[in-house]
**Student:** 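Sharing a structure here in structure tokens format.
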Amino acid sequence: MSDKFLPTNSYIGTRDFYPDDMRVRNWFFAKMRKVVESFGYEEMLGPILEPFDVFAAKSGEEIVNEQVYHFTDRGERHMAIRPEMTPTVARMVAAKSGEIRYPVRWYSIANFMRYERPQKGRLREFWQLNVDLLGESGLEYDYEILSVMVNLVKEFGADETMFKVKINNRRFYNDVMREVVNATPDEMKVISKAVDKRSKLPRDKYEEWLKDSGIPGAKIDRLEEVFGMSLSGLAGKLTGDSQGAKELTDLFGLIDKTGLAPYCEFDFSIVRGLEYYTGNIFEVYDLDPENRRALFGGGRYDNLIGLFKKAEVSGIGFGFGDVTFQNFLETHMLIPSDIHENNGVLITVFDDVDYSEYIRLSDELRVSGIKNTIYFGGNKKMGRQFQYAESMGIKFAIVMGGNELSEGKVIVKDMTTREQTEIKRAKFLEDFRKIFR
RNA sequence: GAGGGAAUAGCUCAAUUGGUUAGAGCAUCGGUCUGUGGCACCGAGGGCUGUGGGUUCAAGUCCCAUUUCCCUCCCCA
């Protein structure tokens, strides 16, 4: 009927997760779950579609129009596939803002789509752990989120030589720009883009770019001074009371008294793209020279709930994507090889035994919670069956041929040590549990 | 959106200036060997050379287009 087959590749920028891939993904999301739940966070989830306006309202319309997958549904509603989780979290909190108990500690693991050109560390579909803490704004909130971030990465065996959390503050950044650099609002927009270029371009190209964008030479010099200064130095330059400076210095004051100090540093060049951030912002960097890039980040958003309801709820959170993180785990060789082990049982079969005997054995194991399969291959030579078990990473094989059955026995074979143990068929489960583990 | 590289068996790769029937290793399957797997030997299957055009007596190889993948930039997390 068909002279042409359909292509088997997945849609551009998306991945097929075969069992081998799922094992890795499930492994690290399970670890992440364990960490965030140890901090008292509860899992939640929203729909994959939201009204387009939910994203358009806050992420900057240009970005949204270019990167969000959107369409009109049959009821003429303008819908979007979620490009991130935070607006959904804000919407759900707003919907129950009266009855909800604060602080809200929520997390989710979900997939997102953005229409981007795929490249290293960035695809069109990605999975992300999202962690949000909502209620009031305050030092203890900021510190807790920071601590969750650091402990997440540490959970995988990473130490302070592998990653660093760079911290800045939106209000502080604006204050410094206004008071120290004397930048006009228009100039600030240009400079916020220059920050990123500064680390990528050679110095002369970078300054040239700034000049071309209309920044006077004197301000470029002052900007350069600012980038070289410490937090306290910069804060001292500010004349009035700076809320941003206080938020930053308070946070670092607490960090220095706890175990987080080695993992954190102030970095004035961290700005973050999302427009809704208002206070402290965080960005986790891979310190490997081969992969010097931002792993994930987040920050405080004061006004997001206000999009949906008149309510004084501030939030802080971060998104932790699987693509960049898997790169991180691979470059630092933090993925254990034993996650590909099967941890199950293979029941080998023989032609001189009625098949129902194997079904009975399999059922007994399964009902008592032991994962097992019966060998299905056409070639029932024993060696072949053991080879199959080995290639599947199965740890135990059970041998019950006509000889064993007539003597009321079963042989349990440990595939790695090759040791065999005879146990009575009548006491099979009881005795097998002593061996299995 | 801009630029560069790549695409041949399930995987990793060969194939002389364009020249017989596109090969090898690994993997799979079968056998040596229906009752004990990592070894060895023998054998088999598996390809419209990403797709569509063009040049030529002749295209995996050259040209054009297209799709996808990788990398860099832009943008941005």
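Sequence lines set the chain letters: A, B, ... in the order given, protein chains first and strands last, and positions in each chain run from 1.
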**Student:** Among pairs that include at least one residue of residues 316-329 of chain A, which meet side chain to side chain donor-acceptor pair (under 3.5 Å), considering only residues two or more places apart or in two chains?
**Tutor:**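 As it turns out, the side chain to side chain donor-acceptor pair (under 3.5 Å) pairs with a partner in residues 316-329 of chain A, which skip direct neighbours, are A/R15-A/D322, A/Q326-A/E330.
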**Student:** Return one dot-bracket line describing RNA chain B 5' to 3' (Watson-Crick or G-U wobble pairs, both distances under 3.5 Å; ( ) same strand, [ ] crossing, | another strand, . none).
**Tutor:** (((((((..((((.....[...)))).(((((.......))))).....(((((..]....))))))))))))....
**Student:** Determine: side-chain N/O of A/R384 to OP1/OP2 of B/C33, distance under 4.0 Å, yes or no.
**Tutor:**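 Checking B/C33 against A/R384, no side-chain N or O comes under 4.0 Å of OP1 or OP2.
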**Student:** If you take atom types as modelled and just measure distance, does the side chain of A/E116 reach the base of B/G1 with a donor-acceptor pair under 3.5 Å?
**Tutor:**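 No.
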**Student:** Using the P atom as the point on both nucleotides, what is the distance between B/A14 and B/U61, in whole Å?
**Tutor:**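 Here B/U61 and B/A14 have their P atoms 16 Å from each other.
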**Student:** Taking N and O atoms by type only, does the side chain of A/R117 place a donor or acceptor under 3.5 Å from a partner on the base of B/C75?
**Tutor:**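 A donor-acceptor contact between them is absent.
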**Student:** When rounded to the nearest Å, what value does the distance between C1' atoms of B/A58 and B/G18 take?
**Tutor:** 8 Å
**Student:** Would you say the base of B/U36 and the side-chain of A/K413 have a donor-acceptor pair closer than 3.5 Å?
**Tutor:** yes
**Student:** Under 4.0 Å between a side-chain N or O of A/N379 and OP1 or OP2 of B/G31?
**Tutor:**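 Checking B/G31 against A/N379, a side-chain N or O does come within under 4.0 Å of OP1 or OP2.
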**Student:** For RNA chain B, which residues of residues 390-403 of chain A approach it to below 4.0 angstrom with any heavy atom?
**Tutor:**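 Here the set is A/E390, A/V399, A/G401, A/G402, A/N403.
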**Student:** Using ring centroids (six-membered ring only for Trp), state whether A/F325 and A/W127 fall under 6.0 Å.
**Tutor:**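 No, too far apart.
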**Student:** Has the side chain of A/Q420 got a donor or acceptor that lies under 3.5 Å from a partner of the other kind on the base of B/U36?
**Tutor:** yes
